[in-house]
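Below is one structure, written out as structure tokens; the observations come after it.
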Amino acid sequence: YGNKDGETTFYTYSTSGSPLTCSQMEASGFHESDGTYGVKLFYESRGYTVSECYSQRTDVAGGFDFQDYKAEIDAGYPVMFHVYGHTMVGVGYDDAAVGDTMYIHDTWDHSSHSMPWGGSYAGMDMYAVSIIHPDRQAIMPGIYNDDDPSIEYIGNWQTGTGAAYY
């Protein structure tokens with residue numbers, strides 16, 4: 001698809017703040033080379049139904065904003081977001097801090113980080129998000145489910161201490 005090894009392409013409208021849905025990607029024929037659509041396919045390959053799938057600019061009028069981000073996090077969905085040259089996942093926020101702060105996980109390490117909404121990370125400016133909502137009710141046969149006593153989990157669940165956000 002013209003990407004270097006390790007790269008992924010994420011399509012958005014270039015100047016519009018409107019969401020570019022996965023259905024629109026399919027209709028336009030570039031869904032096969034889009035990272036958002038690829039994550040949708042991953043969820044579906046694991047038995048989930050995807051109820052919402054789109055990418056949207058954050059750096060244009062009418063685009064995805066911090067209130068939208070907070071609503072996703074509060075609903076229990078992580079937000080995949082894009083800076084020029086990298087993609088990460090937003091997992092929390094602090095709107096009481098100076099500026100609106102996102103808590104993020106980065107693939108470069110195993111630590112949690114923060115950055116200002118709409119700002120930059122490691123010198124790379126934020127420009128878009130990808131939103132994918134898998135159906136939370138979908139459970140594949142043989143996958144552990146706390147609500148199904150016929151499936152036994154053998155292992156050792158551990159909780160961490162000092163968690164401030166998820």
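In what follows, every heavy atom counts, from backbone to side chain, and hydrogens, waters and symmetry copies are set aside.
Hydrophobic cluster membership is shared by Y13 and F30, with clusters built from Ile, Leu, Val, Met, Phe, Trp and Tyr side chains linked at under 4.5 angstrom. Side-chain heavy atoms closer than 4.5 Å link hydrophobic residues (I, L, V, M, F, W, Y) into clusters, and following such links, even through other members, never connects V83 to L20. In terms of hydrophobic clustering, with Ile, Leu, Val, Met, Phe, Trp and Tyr side chains grouped at heavy-atom distances under 4.5 Å, M124 and V129 are assigned to a common cluster.
No side-chain heavy atom of M102 sits less than 4.5 Å from a side-chain heavy atom of Y93. Using a 4.5 Å heavy-atom threshold, the side chains of Y54 and C22 count as separate. Side chains of R57 and Y127 form a contact here, defined as non-hydrogen atoms less than 4.5 Å apart. Put simply, the side chain of Y37 reaches to within 4.5 Å of the side chain of E26, judged on heavy atoms. For the pair K70 and D95, the minimum side-chain heavy-atom distance is below 4.5 Å. In this structure the side chain of H31 never reaches within 4.5 angstrom of the side chain of T36, judged on heavy atoms. Residues M80 and T87 are in side-chain contact: their nearest non-hydrogen atoms beyond the backbone lie under 4.5 Å apart. Taking the side chain as every heavy atom from C-beta outward, V89 and V79 never approach each other to under 4.5 Å.
The CZ atom of F10 sits 4.5 Å away from the NE2 atom of H82 when rounded to the nearest 0.5 Å. Rounded to the nearest 0.5 angstrom, T58 OG1 and D125 CG are separated by 9.5 Å.
Looking only at distances, a side-chain donor or acceptor of D34 sits under 3.5 Å from a matching main-chain atom of Y11. Without hydrogens or angle criteria, S28 side chain to M25 main chain gives no donor-acceptor distance under 3.5 Å. Between the side chain of Q56 and the backbone N or O of G17, at least one donor-acceptor pair lies under 3.5 Å. Looking at S16, its side chain does come within 3.5 Å of a backbone N or O of S18 through a donor-acceptor pair.
Remark: the H133 side chain and the E72 side chain contain an N/O donor-acceptor pair separated by less than 3.5 Å. Remark: the Q24 side chain and the T21 side chain contain an N/O donor-acceptor pair separated by less than 3.5 Å. Of the N and O atoms on the side chains of D135 and Y43, not one donor lies less than 3.5 Å from an acceptor on the other residue. Looking at D109 and H113, their side chains do bring a donor and an acceptor atom within 3.5 Å of each other.
In this structure, D65 and W117 approach most closely via the heavy-atom pair C-CZ2, 3.5 Å. When every heavy atom of I73 is checked against every heavy atom of P78, the shortest pair comes out as CD1-CA, 4.3 Å. The shortest heavy-atom contact between A122 and W108 is CB-CZ3, 4.2 Å. Between A128 and T12, the closest heavy-atom pair is CB-CG2, 3.8 Å.
Aromatic rings from Y69 and F64 are positioned such that their centres are separated by 6.0 Å or more.
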Requested in this report: List the steps, then state whether side-chain contact (heavy atoms from CB on, under 4.5 Å) holds for V50 with I132.
Outcome: CA-CA 7 Å; V50 174; I132 302 122; 3.8 Å; yes
**Report entry** Test log, rule side-chain contact (heavy atoms from CB on, under 4.5 Å), inputs M126 and M115
**Finding:** CA-CA 10 Å; M126 181 176 176; M115 68 174 274; 4.2 Å; yes
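Applying the side-chain contact (heavy atoms from CB on, under 4.5 Å) criterion to S114, with sequence neighbours excluded, gives T101, Y103.
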